[in-house]
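This report refers to the structure that appears directly beneath it.
Side chains are part of it too, since the values below use all heavy atoms of this structure and drop only hydrogens, waters and symmetry mates. In this text the structure is predicted, and so the values were computed from the model without any measurement. Proteins get letters first, then strands, A, B, ... in listed order; numbering begins at 1 in each.
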Amino acid sequence: MRIVVQADPFDFGAEAAAFAEGRDDLGAVVTFTGVVRGDAALERMEIEHYPGMTEKALEQIAAEAVRRWDLGDVLVIHRYGPMRPGERIMMVATAAAHREAAFDSAAFLMDYLKSRAPFWKKEHAADGDSWVAARAADEAALTRW
Amino acid sequence: MRIVVQADPFDFGAEAAAFAEGRDDLGAVVTFTGVVRGDAALERMEIEHYPGMTEKALEQIAAEAVRRWDLGDVLVIHRYGPMRPGERIMMVATAAAHREAAFDSAAFLMDYLKSRAPFWKKEHAADGDSWVAARAADEAALTRW
Amino acid sequence: MDVLYFAWVRERIGLPRERVDTSAATVADLVAELSAREERYAAAFADLAALRVAVDQELADFDAPLAGVREVAFFPPMTGG
Amino acid sequence: MDVLYFAWVRERIGLPRERVDTSAATVADLVAELSAREERYAAAFADLAALRVAVDQELADFDAPLAGVREVAFFPPMTGG
């Protein structure tokens with residue numbers, strides 16, 4: 001299990017390739033990557049976080065995934081600070097013997113990370129700045145677990 | 001949409017990094033990778049396929065995913081021939097505006113690929129060879145879509 | 001038409017493909033015709049529930065008609081991914 | 001104790017953290033105490049349904065007790081991922 005919170009970009013290809021590499025007990029690997037979506041007006045996205053609590057919250061969420069599914073490995077990387085449209089914000093990766101556990105645990109990590117890890121997105125656009133509002137659908141997604 | 005059927009290994013890290021790279025309309029990217037699981041006795045796995053029909057079946061499955069979800073891109077790579085435990089057999093990748101579509105379509109592709117694309121696995125072990133039997137759970141998984 | 005065999009069906013029949021001249025109306029008729037030929041065919045086709053069939057590279061049922069068909073393939077349930 | 005503010009709560013109050021000497025028994029008491037101080041606090045805490053709170057870096061409710069607590073943080077619903 002590896003949890004990384006950093007301002008710098010991460011190398012998604014290298015992280016994906018190294019995750020669970022050569023492990024022959026894990027038949028299924030799932031990755032999810034979040035990317036800054038842009039529209040004509042968006043100049044940059046700024047992610048604020050709560051140093052200390054962020055790492056703790058991500059570790060608790062990952063530990064809960066490991067408790068619920070039989071996972072061979074879990075990776076969470078999340079950036080903070082300024083990012084441009086098209087840049088990768090974060091990734092999770094899960095590895096399990098079979099695909100159901102790998103898919104479900106990755107979706108679980110994302111649902112909890114969205115609504116329970118202390119990150120806040122602010123959009124800086126040509127026509128002004130605004131904090132991204134939490135989606136009701138994201139809070140509702142937690143009830144399925 | 002890209003469908004690749006080949007005997008050679010593929011570079012998972014490079015494929016994952018290149019998929020939907022820089023697309024700022026796609027906030028969510030999911031990958032699934034299947035790996036040869038080993039146990040003490042397994043020496044190698046051999047995958048047989050049906051040239052011509054394989055490509056056609058994978059294209060139909062990917063087209064159906066694009067019809068059901070609003071996907072910005074889809075990738076399917078599947079190998080055939082001999083492989084050793086720990087080697088990557090195949091991958092799928094999906095990209096969408098939001099995570100629900102990316103997760104669901106990747107799981108859909110895997111469920112259909114498992115039971116509807118003409119691949120057959122044979123295990124070569126120290127104590128003999130055997131064809132891998134289809135799992136009832138894999139056929140049952142199709143009913144959820 | 002061309003008849004193709006994959007995985008253990010290929011191994012049991014002993015060849016990957018063959019040219020078959022037939023007037024069988026359906027896949028099931030073709031199966032009956034081949035099974036009558038030789039024991040190895042009868043053995044391969046003994047349990048149709050354990051077999052899948054593709055007609056011109058599309059999955060089909062055993063009652064699928066063969067008129068105009070160029071290629072029929074028999075194989076066990078697929079195990080990709 | 002240390003009181004931290006994030007996102008628009010931080011902007012509205014005008015600072016990221018401060019040291020508060022308080023005898024508030026619960027988070028809700030602390031909110032009432034801060035709101036009584038100055039208009040910017042009252043504005044930030046006007047709608048508690050739009051706020052979340054963490055006590056010693058764990059998500060908590062507004063009725064959570066503050067005895068022995070070192071750090072309380074206020075922020076809007078989270079939007080990571």
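At a 4.5 Å heavy-atom cutoff, the contact between A:Ile89 and chain D is made by side-chain atoms alone. In this structure, the portion of A:Lys56 lying under 4.5 Å from any heavy atom of chain D is its side chain and not its backbone. Interface residue A:Ala133: only backbone heavy atoms are found under 4.5 Å from chain D. D:Arg52 does not touch chain A: none of its heavy atoms, backbone or side chain, sits under 4.5 Å away. Only the side chain of A:Lys122 comes within contact range of chain D, judged by heavy atoms closer than 4.5 Å.
Residue A:Val132 comes nearest to D:Thr79 through the heavy atom pair O-CG2, 3.4 Å, listed as atom of the first residue, atom of the second, then distance. Nearest approach of A:Tyr50 to D:Glu71, heavy atoms of both residues: OH-OE2, 2.5 Å.
More than 12 heavy-atom neighbours from other residues, nucleotides or ligands sit within 6.0 angstrom of CG on A:Asp8. For A:Arg84, the CZ atom sits in a loose shell: 12 or fewer heavy atoms of surrounding residues, nucleotides or ligands are nearer than 6.0 Å. The environment of CZ in A:Arg144 is crowded: more than 12 heavy-atom neighbours from other residues, nucleotides or ligands sit within 6.0 Å.
The choice from D:Ala73, D:Pro16, D:Pro77, D:Ala7 that makes the most heavy-atom pairs within less than 4.5 Å of chain A is D:Ala7. When the candidates A:Met90, A:Arg79, A:Glu46, A:Arg135 are compared by the number of heavy-atom contacts under 4.5 Å with chain D, A:Met90 comes out ahead. Of the listed residues (A:Glu139, A:Met53, A:Met110), the greatest number of heavy-atom pairs within a distance under 4.5 Å of chain D belongs to A:Met53.
The distance from atom CD of A:Glu55 to atom CD of D:Gln57, rounded to the nearest 0.5 Å, is 8.5 Å. In this structure, A:Arg116 CZ and D:Met78 CE are separated by 6.0 Å, a value rounded to the nearest 0.5 Å. The CZ atom of D:Phe6 lies 10.5 Å from the CH2 atom of A:Trp131; values are rounded to the nearest 0.5 Å.
With hydrogens and angles disregarded, a donor-acceptor distance shorter than 3.5 Å links the side chain of A:Trp120 to the backbone of D:Pro76. At distances below 3.5 Å, at least one donor-acceptor pair connects side-chain atoms of A:His78 with backbone N or O atoms of D:Gly81.
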